[in-house]
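Reviewing the structure listed below.
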Amino acid sequence: MPGPSLTSPKSGYGAVPTPAGLAETSMDDGPSAPGGLRLLLALLRPRRRALVAAAGWSLVEALPTLSSGLILAAATDRGFLTGRPGVGLAWLGVLVVAMFVEAVATRMMFPHLATVAESLRDDLVRAVVTATVTRAAGGADPPDTAAVTRLTDQVETLRNLVSALLRSARELGISLIAALAGLLLLSPLAAAIVAGPVFIALVVFVRLLRVLLARQRALILANETLTVQATPIVAGLRDIAACGAREQAYATVHTAVTAQAAATRALAWAGEGRRLVITIGTHLPLLGLLIFARPLIQNGHLSAGEVIGAVTYTATGLGPALRTLVGTVGTWGVTLIITLGRLAETITPPSTTTSGSTAVAPASLPGGASATSPETAAVGHQLEAQRLSFAYAPQATPVVHELDLVIPEGEHLAVIGPSGIGKSTLAMLLTGLRRPGSGRVRLGGLPLEATPEHHLRSVMALVPQEAYVFAGTVGENLAYLHPAGTHAPESRLQEAADAVGARDLVERLGGLDATIEEPSALSAGERQLIALARVYASPARVVILDEATCHLDPAAELRAETAFAARAGTLIVIAHRISSAIRAQRVLLMDGATALTGTHSQLLTRSALYADLVGHWRYDAPSGNTASPAR
């Protein structure tokens, strides 16, 4: 059964519009690097100013790398080898000044990098928490225990990785470019000797990255699987001991631990390939320069100072840059991209304001329509879904996929399907609490996004599983959605309470004028009765009951649903018991990939899934008012 929904009296539905970015976990082994790169770009884009400032100071910081080889060559050829040590020392003094400038630039650059890394972590924490809480609010089942791993390990890992990679990538890019530029200025011949092995090393590294990405992803998924498997076992140790299920629990955890250990070993073995890249790209160029130095100097192709300068560029510029590339990108970078890819499967990239606070970006409207574009007035209250699709993240499997559905005005429809299949999500899409990824919903022929907000909130009402009751009088709670508010006719409120079976509750509380001081003191079923009466008294002509009677007994549920079915307007019931489907005029069966509609009798013969769901319940046909789990 789906988890509780967050509720609030501040919307016409009695439910909070949940933010975009809900997690739908996908445990497939497909590549996640593109999604990770997109998420990284989405996170870094609003921080362009700080990144540009850091890049500017990095250019200043590169001065010693760019000039070191040239300065050493000049100091050797124009100073020490010509018997003018003072000139040589003067050139070395220039290098010292350049290094002092580098230290100042580094000091000025770090605050900008810190701004990027810390605000990025805040946005990721906000997005993961929002996704996890909204998943529970939306009725996803079972709870996403792997979200704990994402919230603790993965987000903090990302913060550290982004911070380290920004520092290292800056050093890598600036050092590599500066060293190559200095080497070309010093001697194109020396640059050619060095460039060949470096190019081969880069080709080998690119091929190695594919293996590292695949094995890093396997390790992250193994860690999440271990969390999912171990969490309920640790929480239920007493039950396991009482039931004698120690061996089964051990086997479950042992399998997950073994898989995690195997993934760790596989990644470690793949990482050994980094040594080969460093050998080719750093040791071979130096070896080549040393081997060919004597003949090149003797033939006049290079001077002794140019050899020293080339070795300096290779040893202090290209070599460290390549080691940073292999060590940082091959470890931190791979972890960053795969972890970001995993998060991209579970959250929507947050759009961030210039101040760094996260804000949900307005969804674009299908077909280029604008929420404020003029449309003709809605006619009636027929509800229509056109190729409606929704996924909780770009990488996630859609929970609603290209659904076409017409619900005529006045119809009584039941929506049924396995737990967590997307029934509550569909309810939110139909009421406008969520924007679809593609397709659209029309009410009376008018797209929901073009329907005036006040009209939409008055004609549609969603009653969630966890009903909201606020501190105040009973009458204020029942009249909340009535156009007259607290001035609603008492007779209308009494009629609503009587229709849904809440009359006894109202009288027990002391009547409409009685004060509810502690809403939490009411039982879940009592809160549901108040919420049902509230919506019954409203002018809503499309009512969706999202397991809104799950805390009532079957007889009370029958009375409430019968009252809404007899009430003017459309009734959509997200079924908690199969009896709700039997009472409906039509049933929508959701199974994740497709959706079937028909009567109860038709679906029994057309759908094995529906027959299986019905088989889990025992329905008392003669009385027509009970439905309970089959024993």
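Throughout, residue positions are numbered sequentially from 1 according to the sequence presented.
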* Output, in order, the C-alpha distance, side-chain angles, deciding distance and verdict of salt bridge (charged side-chain N to carboxylate O under 4.0 Å, His left out) for E449 and R440. => CA-CA 9 Å; E449 61 269 15; R440 62 172 41 178; 3.4 Å; yes

Exercise for review: Keeping the roles fixed (side chain from S607, backbone from L603), state whether a donor-acceptor pair exists under 3.5 Å.
Suggested key: no

Donor-acceptor pairs under 3.5 angstrom involving side-chain atoms of residues 407-415: please list them, not counting sequence neighbours.
from	atom 1	to	atom 2	distance (Å)
E409	OE1	H381	N	3.2
E409	OE2	H381	ND1	3.3
E411	OE1	R586	NH2	2.8
E411	OE2	R586	NE	2.8

The side chain to side chain contact (heavy atoms under 4.5 Å, CB included) partner of M460 among L433, T451, L443 is L443

Rounded to the nearest 0.5 Å, the CD atom of Q465 sits from the CG atom of L545 at a distance of 12.5 Å

Rounding to 0.5 Å, atoms CD1 (I574) and OG1 (T549) come to a distance of 11.5 Å

In short, salt bridge (Lys or Arg N to Asp or Glu O under 4.0 Å) pairs touching residues 396-408 with sequence neighbours left out are R387-E402

By side chain to side chain contact (heavy atoms under 4.5 Å, CB included) - contacts of [X] (at least two apart):
| X | value |
| --- | --- |
| P489 | H482, S491, R492 |
| E490 | Q494, L512 |
| A514 | V474 |

Is there a side-chain contact between [X] and [Y] in this structure, where contact means two heavy atoms from C-beta onward sitting under 4.5 Å apart?
| X | Y | value |
| --- | --- | --- |
| L493 | V506 | no |
| L403 | L429 | no |
| L430 | V542 | no |

Could you walk me through whether F564 and R567 pass side-chain contact (heavy atoms from CB on, under 4.5 Å), step by step? CA-CA 5 Å; F564 276 102; R567 180 179 179 272; 4.1 Å; yes

Residue set satisfying salt bridge (charged side-chain N to carboxylate O under 4.0 Å, His left out) with E526, at least two apart, ordered chain then number -> R508

Which of R527, E557, E466 passes side chain to side chain donor-acceptor pair (under 3.5 Å) with H551? Answer is E466

Correct closest heavy-atom pair for F390 and P436 would be CD1-CA, 4.2 Å

